[in-house]
Structures are given as structure tokens and as C-alpha cells.
Visitor: 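Got a structure for you, questions after.
In this chain, numbering begins with 1 at the start of the sequence shown. Remember, predicted model here, so these are calculated numbers, not experimental data.
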Amino acid sequence: MNDAPVVARGATPSTSRRLLVPVLLVGVAIVVYAADQLSKNWVVENLPEGRSVPVLGEVLQWHFVRNPGAAFSMASGSTWIFTILATVVVGVILWQIRRLRSVPWAVFLGLLLGGVLGNLTDRLTRAPGFPEGHVIDFILTPWMWLGFTPAIYNIADIGIVGGMCLFVLITLLGVPSDGSPRLTRAERRAMEEAIEEETGEEPGADPEPRADREGRAGDDGLGSGSDPEPDADPEPRASTGDR
């Protein structure tokens, strides 16, 4: 009786969920990718390279640079390594789409996929050429870096970092990727009780088999429960009549 609600909540996601989650993942990825590439094309055509253009004073500036490294202009000179890593990440995400049933996980992977594809496109198509093209960075927010050297980034970087933050959150919350709901404490306890009823063991029961316990008890009884009779006196005592 206790296992019925647990089975119901852990049921397989519906067909509509199976269709919605991959579509959501691809849709988020397309939005991030399109915004990234369109903004980069606008930057290349309209902004002077290497100069800051205030947008909201010190809060937000445009600063067009060509980045040969990773996100936030880090690890310059290793473009080909990040090209390989990005290709692997894209392959893994595409492989996981058919198994995914969770909306939060779909948003996370969509943000990550769109961001990785955005920067990967730059490395494959922009100067100085395949596969070491430089990524276009242009967003500068000096206030975020608390006195450290400000990094310049793009919309693809925002998608990647936002996706990783969401990943940390859903991991801490224990959201399963297969779309099944998280079990509450009461439901988890009900599941444990159902397992205990099936196995016939109570919580905290001695894991030692009952037969072993009975066998050991029997051995102990022979050893200490009934002492053997003392040996008879080898010399019979003289009767009172003889004395």
C-alpha cells in the first residue's frame, strides 16, 4: 500500500514531455547562437577595434577585440585546443538529447550548446582561418571585476556561464535529468518501508541471518546452559553398617 504513490510519482514522462524537452533545448540553443552571431557581425561592421565605446557609462561599454583564447579572453594562443574541446562538447550534448526528459536540464544544455556553437563558429570561420580563428569579444563591464583586470566577453560566453550556473543549481537541488520528480522525505520513507515489507526486515534489524543466530544460540546452550554431571567417586563410600 505504501509503494503506490511512489510508483505514481516516478512514472515514465509522457510523450508530450519527450517531444517538448528536445525542442526546448534546440530552441534555446538557436536563440543564443543567433543573438551571438548577429551581434558579432554588427560589431565587426560598426565598432572600431581596440577602443571603448560607452553605452551606460562605466556600467556597460563596447570594446571590440579579437580573442585567440577561451572565454573572457583567457588562455590566448591555444585556439586549436578549444576548437577540439568545443567539438567534443557539442557531440556529447547532441548525443544526450534523445535521453533527456527534464526541462531545467534542457535549458542548461541549450544555453551551453548555443554558447559553444557561437564561439566554435568564430574559430572555424573567422581570421586568421580554420581551425584557429579568433573569437569576437566586445562586452566590457568593469564594475564586475572588483579591481581585477576586466575581461571582455560576448553573448556566447554569457550563455556558457549562465548554463553552468544553472547546472550548479539543479545539481544542488537534485533535479533528475530523466524528468522524474524529486522525492520528498515522506515519499522516500514510504519507499524504504515498502522495501522493508518486501524483504521482511525492520529498520535497524540485525543483518545476520536468523538461522546463524539460532545455531550460535544452540551452541552456547550446550556449552554453558547445562553443566555436565560431575564424575562419580571412583572409591565407593563405606556404608554405616560396616562401621
Visitor: Compare every heavy atom of A106 with every heavy atom of L24, then report the nearest pair and how far apart it is.
Guide: CD2-CB, 4.2 Å
Visitor: D178 and S102: side chain to side chain contact (heavy atoms under 4.5 Å, CB included), yes or no, with the steps?
Guide: CA-CA 6 Å; D178 60 359; S102 169; over 6 Å; no
Visitor: State which residue, out of I170, V21, L109, L169, fulfils the side chain to side chain contact (heavy atoms under 4.5 Å, CB included) condition with P104.
Guide: I170
Visitor: My understanding is that only residues two or more places apart in sequence, or in another chain, count here; which of them pass ring-ring contact (aromatic ring centres under 6.0 Å, His included) with F64?
Guide: none
Visitor: Between G133 and P128, which heavy-atom pair has the shortest distance, and what is it?
Guide: CA-CD, 3.9 Å
Visitor: In Å, rounded to the nearest 0.5 Å, how long is the span from CG of N67 to NE2 of H134?
Guide: 8.0 Å
Visitor: Go through it in stages, so that I can follow the logic: the residues are E132 and T83, the test is side chain to side chain contact (heavy atoms under 4.5 Å, CB included), and I'd like the CA-CA distance, side-chain angles, deciding distance and then a yes or no.
Guide: CA-CA 8 Å; E132 298 183 351; T83 301; over 6 Å; no
Visitor: Would you name the heavy atoms of I158 and I139 that are closest together and state the gap between them?
Guide: CD1-CD1, 4.0 Å
Visitor: Can V26 be reached from L20 by stepping across I, L, V, M, F, W or Y side chains whose heavy atoms are under 4.5 Å apart?
Guide: no
Visitor: Does the side chain of R66 come within less than 4.5 Å of V135's, by heavy atoms?
Guide: no
Visitor: If you round to the nearest 0.5 Å, how far is CG of L120 from CD1 of I84?
Guide: 11.0 Å
Visitor: Roughly how far apart are D122 CG and I136 CD1, rounded to 0.5 Å?
Guide: 6.0 Å
Visitor: Please determine whether side chain to side chain contact (heavy atoms under 4.5 Å, CB included) holds for the pair M164 and F108, giving the CA-CA distance in whole Å, both sets of side-chain angles, and the decisive distance to 0.1 Å.
Guide: CA-CA 7 Å; M164 295 311 299; F108 151 60; 4.0 Å; yes
Visitor: Do the non-hydrogen side-chain atoms of L111 and I160 ever get within less than 4.5 Å of each other?
Guide: no
Visitor: Assigning hydrophobic clusters by single linkage (Ile, Leu, Val, Met, Phe, Trp, Tyr; side-chain heavy-atom cutoff under 4.5 Å), is M144 placed with I155?
Guide: yes
Visitor: So if you build clusters from Ile, Leu, Val, Met, Phe, Trp, Tyr with side-chain heavy-atom gaps below 4.5 Å, do V116 and V31 land together?
Guide: no
Visitor: Could you walk me through whether N154 and N119 pass the side chain to side chain donor-acceptor pair (under 3.5 Å) check?
Guide: CA-CA 9 Å; N154 54 44; N119 286 338; 3.3 Å; yes
Visitor: Quick check: closest heavy atoms across V28 and G110, and the distance to 0.1 Å?
Guide: CG1-C, 3.6 Å
Visitor: Decide yes or no for T121 and Q37: does some side-chain heavy atom of the first lie under 4.5 Å from some side-chain heavy atom of the second?
Guide: yes
Visitor: How far does CD1 of I152 sit from CG of D157, to the nearest 0.5 angstrom?
Guide: 11.0 Å
Visitor: May I ask whether V23 and L113 are part of the same hydrophobic cluster, defined by side-chain heavy atoms of I, L, V, M, F, W, Y residues being less than 4.5 angstrom apart, directly or through others?
Guide: no
Visitor: Donor-acceptor pairs are to be reported for all side-chain atoms of residues 43-59 against protein atoms at under 3.5 Å, with residues two or more places apart or in another chain.
Guide:
from: N46; atom 1: ND2; to: W42; atom 2: O; distance (Å): 2.8
from: S52; atom 1: OG; to: H63; atom 2: ND1; distance (Å): 2.6

Visitor: Calculate, to the nearest 0.5 Å, the distance between atoms CH2 and CG belonging to W145 and L140 respectively.
Guide: 9.5 Å
Visitor: Donor-acceptor pair, D137 side chain versus V65 backbone, under 3.5 Å?
Guide: no
Visitor: Can you give me the closest heavy-atom contact between V32 and G159, atom names plus distance?
Guide: CG1-CA, 4.4 Å
Visitor: Could you tell me if the side chain of R18 sits less than 4.5 Å from the side chain of R101, heavy atoms only?
Guide: yes
Visitor: Just verifying a value: how many Å separate W95 CH2 and L100 CG, rounded to the nearest 0.5 Å?
Guide: 14.0 Å
Visitor: Using the test salt bridge (charged side-chain N to carboxylate O under 4.0 Å, His left out), find all partners of D36 that sit at least two apart in sequence or belong to another chain.
Guide: K40
Visitor: Does some side-chain heavy atom of W105 sit less than 4.5 Å from a side-chain heavy atom of Q96?
Guide: no
Visitor: Taking C-beta and beyond as the side chain, do T141 and P150 meet within less than 4.5 Å on heavy atoms?
Guide: no
